[in-house]
Amino acid sequence: MFLRGDLPVHLNHSGAPGERPKSLQWFKEPEQMEATCIAQLLSKFALGLPLLDQRATSDLLTAVKNPDTIHGTIFTLVRGIRSALYTSDVNKHKTVLRLLSQLSMMGSCGPALVPFYRQMLPPLRKTRHCGLQPDVSYDRGKLLSEVVENTLNDLERTGGSNAYVNIKYIIPTYDSYFRNY
């Protein structure tokens, strides 16, 4: 789709061949697009979540004015999020989890995600409370376990009354930050 010009975005490569793109440039800013166009683009970008950088998806979610317009794309976004979480790239996990938090905080999208927890959350079992630090690194940023914890807290907070029960069913070691205080 990108090579055919179906996507209104350009990736600036300023490095070695095969290196990740340095910046993303929109031909038309997402804030200027109609809601139906944003929903269609979200579906297209969601298919590439396991493969590409998620900056475009994040930009589109930020541009959404009415969260109800993207309810039709949630299933496609969930498929992309799940596929990305089954990869072995820790940085991709962190980025996708932040994207999931962003999506959950968009008005009515939080409760709409609850039925999909069983598809999205199982990959998080192996990174949560396993006794190992899966991403030991010396650069700045949060550890994967911290990002997982923050995402689960966001999902619980925005998902409504059934969110905690569904998260606890999939990740039995989850302790609610909100139920303790």
Checklist entry - What's the shortest heavy-atom distance between His93 and Leu144, and which atoms? => result CB-CD1, 3.7 Å

Checklist entry - Is there a path of hydrophobic side-chain contacts, each under 4.5 Å between heavy atoms of I, L, V, M, F, W or Y residues, that connects Val90 with Leu97? => result yes

Checklist entry - Taking all non-hydrogen atoms of both residues, which atom of Pro123 and which atom of Met120 are closest, and how far apart? => result CD-O, 3.2 Å

Item to check | Closest non-hydrogen atom pair, Lys168 against Tyr174 | outcome: NZ-O, 2.8 Å

Next on the checklist: As an exercise, state the distance from CG of Asn150 to CD of Glu146, rounded to the nearest 0.5 Å.
Outcome noted: 7.5 Å

Item to check | Side chain to side chain, Leu42 and Thr76, heavy atoms closer than 4.5 Å | outcome: no

Next on the checklist: Quick check: do Leu100 and Leu113 have side-chain heavy atoms less than 4.5 Å from each other?
Outcome noted: yes

Next on the checklist: Within this structure, what is the CG-OG1 distance for the pair Leu99 and Thr95, rounded to the nearest 0.5 Å?
Outcome noted: 9.0 Å

Next on the checklist: Using side-chain heavy atoms (C-beta onward) and a distance below 4.5 Å, is Leu155 in contact with Thr151?
Outcome noted: yes

Next on the checklist: For the backbone of Thr158 and the side chain of Ser104, can you confirm whether one donor and one acceptor N or O come within less than 3.5 Å of each other?
Outcome noted: no

Item to check | Same apolar cluster (I L V M F W Y, side chains within < 4.5 Å links), Val114/Met105 | outcome: no

Checklist entry - Do the non-hydrogen side-chain atoms of Asn166 and Leu121 ever get within less than 4.5 Å of each other? => result no

Item to check | Option from Ile170, Ile171, Val147 for which side chain to side chain contact (heavy atoms under 4.5 Å, CB included) with Leu152 holds | outcome: Ile171

Checklist entry - When you measure from the side chain of Thr87 to the backbone N and O of Ala84, does any donor-acceptor pair fall under 3.5 Å? => result yes

Item to check | Side-chain heavy atoms of Thr73 within contact of Ile38, under 4.5 Å | outcome: no

Checklist entry - Closest approach of Pro111 and Gly107, non-hydrogen atoms and distance? => result CD-O, 4.1 Å

Checklist entry - Is the count of non-hydrogen atoms from other residues, nucleotides or ligands lying under 6.0 Å from Tyr169 atom OH greater than 12? => result no

Next on the checklist: Once rounded to the nearest 0.5 Å, what's the spacing between atom CE of Met33 and atom CG of Asp59?
Outcome noted: 9.5 Å

Checklist outcome for this item: Residue pairs passing the side chain to side chain donor-acceptor pair (under 3.5 Å) test with at least one member in residues 107-122, sequence neighbours excluded, are Asp68-Ser108, His71-Ser108

Checklist entry - Under the side chain to side chain donor-acceptor pair (under 3.5 Å) test, which residues partner Asn66, sequence neighbours left out? => result none

Item to check | side chain to side chain donor-acceptor pair (under 3.5 Å) against Asp154, all qualifying residues, sequence neighbours excluded | outcome: Ser101, Arg157

Next on the checklist: To the closest 0.5 Å, what do you measure between CG (Leu41) and OG1 (Thr36)?
Outcome noted: 9.5 Å

Checklist entry - Donor-acceptor pair, Lys94 side chain versus Leu143 backbone, under 3.5 Å? => result no

Checklist outcome for this item: Smallest heavy-atom separation, Gln102 atom then Met106 atom, equals O-CG, 3.2 Å

